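Below is one structure, written out as structure tokens, with a few remarks after it.
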Amino acid sequence: MAEHEIVDGEVGREGFVRGLKLLDAITLVVGTVIGSGIYIVSADITRILQSPGLMLLVWLIAGTLTVVAALSFAELAAAMPKAGGQYVFLREAYGRLPAFLYGWTFFLVISTGTIAAVSVAFAKFISVFWPAISASNVVFQLGGLHVNTQQLVAIAVVIVLTYINCRGVREGAVIQNIFTVLKVFAVIILAVAGLTIGRNADIAHANFTNMFAGGPTGFSAITAIGAAMVGGLFAMDSWSYVCSAAAEVENPKKNLPRALLLGTGFVALLYIVVNIAYMNVLPLLGDPNGANVIARGI
């Protein structure tokens, strides 16, 4: 057996067990992509483009680019199914120094910052249900340092999920699968409700008639779409994390490409449907000081 080779279901010299099946890999892709972006990014895109047609076009382009990028990574991951993902790809392509620098940047800034942002967002949104979890609810103060309940919840979430993932690959996969199913279910309910019981015929008619009217044209449209793409790509990001777990995926040469294609394709389609649902319920442009969500619009 080669030094880096790991037989499915066995522990190789790298110490990893290939315990993630195809469904686990797909939920890892879907679960890391779906987040708060689908609820907040459409507003930013609309502020830039002022057009329902251009807004949907941005989501379509972002989804297409994501799937294309995922297919490129799928080729690399299938050829090099080792722990480390992009670190491994960079090491094989450019040598150890660029890979080393990327690895430490990923550990200290990229992944760490993402985890921190997601945990803070979780604590912020959960405060809607539990007002005691608030940035204004300070637990203790040390000099100029203020620690509030929202920060404590964010820290606790990181610690608990880290502990579960350290317990084993199957334990981490179970938690990932549960939360992914819940997130997908919530987004699907939102989309179905917007397309059925929440649909406003007058608003839908206004949004879907002359869909590109009111937005920029010509070269201005291209630059505006480019600026709006930042939000769309942000909302579609993090799918590449499954490559970091490549050494734990069963039959990676087949399952990694399938997971990346099916996972990103599903999320891209779901996000487009959700935005169509938004356009059936909310006017594109509203009053920022409106009395309710309908008045404020997308």
Side-chain angles (χ1 to χ4, degrees), residues 6-10 16-39 41 59-60 62-89 106 111 114-115 118 122 161-162 164-165 167-192 232-275:
I6 303 176
V7 178
D8 291 349
E10 297 181 358
F16 295 103
V17 176
R18 294 201 182 277
L20 298 178
K21 301 183 183 299
L22 175 59
L23 180 61
D24 300 322
I26 293 174
T27 58
L28 182 56
V29 174
V30 174
T32 52
V33 174
I34 294 181
S36 59
I38 186 56
Y39 304 110
V41 167
W59 283 108
L60 179 61
T64 302
L65 289 177
T66 298
V67 172
V68 170
L71 290 175
S72 300
F73 266 63
E75 187 76 17
L76 293 169
M80 295 173 281
K82 303 172 184 177
Q86 288 170 264
Y87 165 82
V88 175
F89 307 156
F106 185 83
S111 181
T114 301
I115 292 172
V118 171
F122 172 82
L161 291 180
T162 300
I164 293 172
N165 279 277
R167 295 269 301 174
V169 63
R170 286 312 309 166
E171 288 85 348
V174 168
I175 294 298
Q176 176 67 39
N177 292 347
I178 291 173
F179 279 99
T180 297
V181 169
L182 290 175
K183 288 197 291 185
V184 170
F185 186 63
V187 176
I188 290 177
I189 289 178
L190 176 67
V192 172
L233 292 175
F234 165 78
M236 295 289 299
D237 198 15
S238 299
W239 49 266
S240 61
Y241 282 11
V242 70
C243 297
S244 298
E248 298 170 300
V249 176
E250 183 182 89
N251 194 5
K253 294 185 182 297
K254 290 184 178 180
N255 287 340
L256 280 173
R258 291 172 179 172
L260 283 163
L261 175 60
L262 294 175
T264 55
F266 172 77
V267 175
L269 179 61
L270 183 60
Y271 276 13
I272 291 172
V273 173
V274 169
N275 278 276

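Just so we're clear, the structure is a prediction, and the values are computed from it rather than from any experiment. No hydrogens, no waters, no symmetry mates; every other heavy atom, side chains included, goes into these values.
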(message) I want to check something: taking the side chain as every heavy atom from C-beta on, are Leu261 and Val67 in contact at a cut-off of under 4.5 Å?
(response) yes
(message) As an exercise, state the distance from CG of Asn251 to CG of Leu20, rounded to the nearest 0.5 Å.
(response) 13.0 Å
(message) For Thr32, give me all partners under side-chain hydrogen bond (donor to acceptor under 3.5 Å, both in side chains), at least two apart in sequence or on another chain.
(response) none
(message) Measuring from atom CG of Leu71 to atom CG of Leu76, what distance do you get when rounded to the nearest 0.5 angstrom?
(response) 11.5 Å
(message) Any heavy-atom pair between the side chains of Leu270 and Ile188 that's under 4.5 Å?
(response) yes
(message) For Ala259 versus Leu22, what's the shortest heavy-atom pair and its separation?
(response) N-CD1, 4.0 Å
(request) Could you grab the distance from atom CG of Leu260 to atom CZ of Arg258, nearest 0.5 Å is fine? (result) 12.5 Å
(request) Write down the atom of Ser240, the atom of Phe73, and the distance for their closest heavy-atom approach. (result) CB-CE2, 3.9 Å
(request) Report yes if the side chains of Ile26 and Phe266 come closer than 4.5 Å at any heavy-atom pair, otherwise no. (result) no
(message) When you compare the side chain of Lys21 with that of Asn255, does any pair of heavy atoms fall below 4.5 Å?
(response) no
(request) Could you pull out the closest heavy-atom pair between Pro81 and Leu256, with the gap in Å? (result) CB-CD1, 4.4 Å
(message) I need the Ser238 OG to Leu28 CG distance, nearest 0.5 Å.
(response) 10.5 Å
(request) To the nearest 0.5 angstrom, please state how far the CD atom of Gln176 sits from the CD1 atom of Ile164. (result) 11.5 Å
(request) Mind checking side chain to side chain contact (heavy atoms under 4.5 Å, CB included) for Ile38 and listing every partner two or more places apart, or none if nothing turns up? (result) Trp59, Tyr271, Val274, Asn275, Tyr278
(request) Report the residues that fulfil side-chain hydrogen bond (donor to acceptor under 3.5 Å, both in side chains) with Arg170, sequence neighbours left out, ordered by chain and then residue number. (result) Asp24
(request) Check Thr180 against Gly31 and note the closest heavy-atom contact, atom names and distance. (result) OG1-CA, 3.3 Å
(request) Provide the closest heavy-atom pair for Pro257 versus Pro252 in the form atom of the first, atom of the second, distance. (result) CD-O, 3.4 Å
(request) Of all the heavy-atom pairs spanning Lys183 and Ile34, show the shortest one and how long it is. (result) NZ-O, 2.8 Å
(request) Give a yes or no answer on whether the side chain of Lys82 reaches the backbone of Ala247 with a donor-acceptor pair at less than 3.5 Å. (result) no
(message) Just verifying a value: how many Å separate Asn165 CG and Arg167 CZ, rounded to the nearest 0.5 Å?
(response) 12.0 Å
(request) With Val30 as reference, evaluate Val242, Val181, Val184 under the side chain to side chain contact (heavy atoms under 4.5 Å, CB included) test and give the passing residue. (result) Val184
(request) Compute the centroid of each ring, for Phe106 and then for Tyr241, and state whether the two points are separated by less than 6.0 Å. (result) yes
(message) Run Thr264 and Val29 through side-chain contact (heavy atoms from CB on, under 4.5 Å) and show every step you take.
(response) CA-CA 7 Å; Thr264 55; Val29 174; 4.1 Å; yes
(message) What I'd like to find out is whether the side chain of Cys243 reaches to under 4.5 Å of the side chain of Val88, using heavy atoms alone.
(response) no
(request) Assess whether atom OH of Tyr39 is packed by more than 12 heavy atoms of other residues, nucleotides or ligands within 6.0 Å. (result) yes
(request) Please indicate whether Glu171 has more than 12 foreign heavy atoms, meaning atoms of other residues, nucleotides or ligands, lying under 6.0 Å from its CD. (result) yes
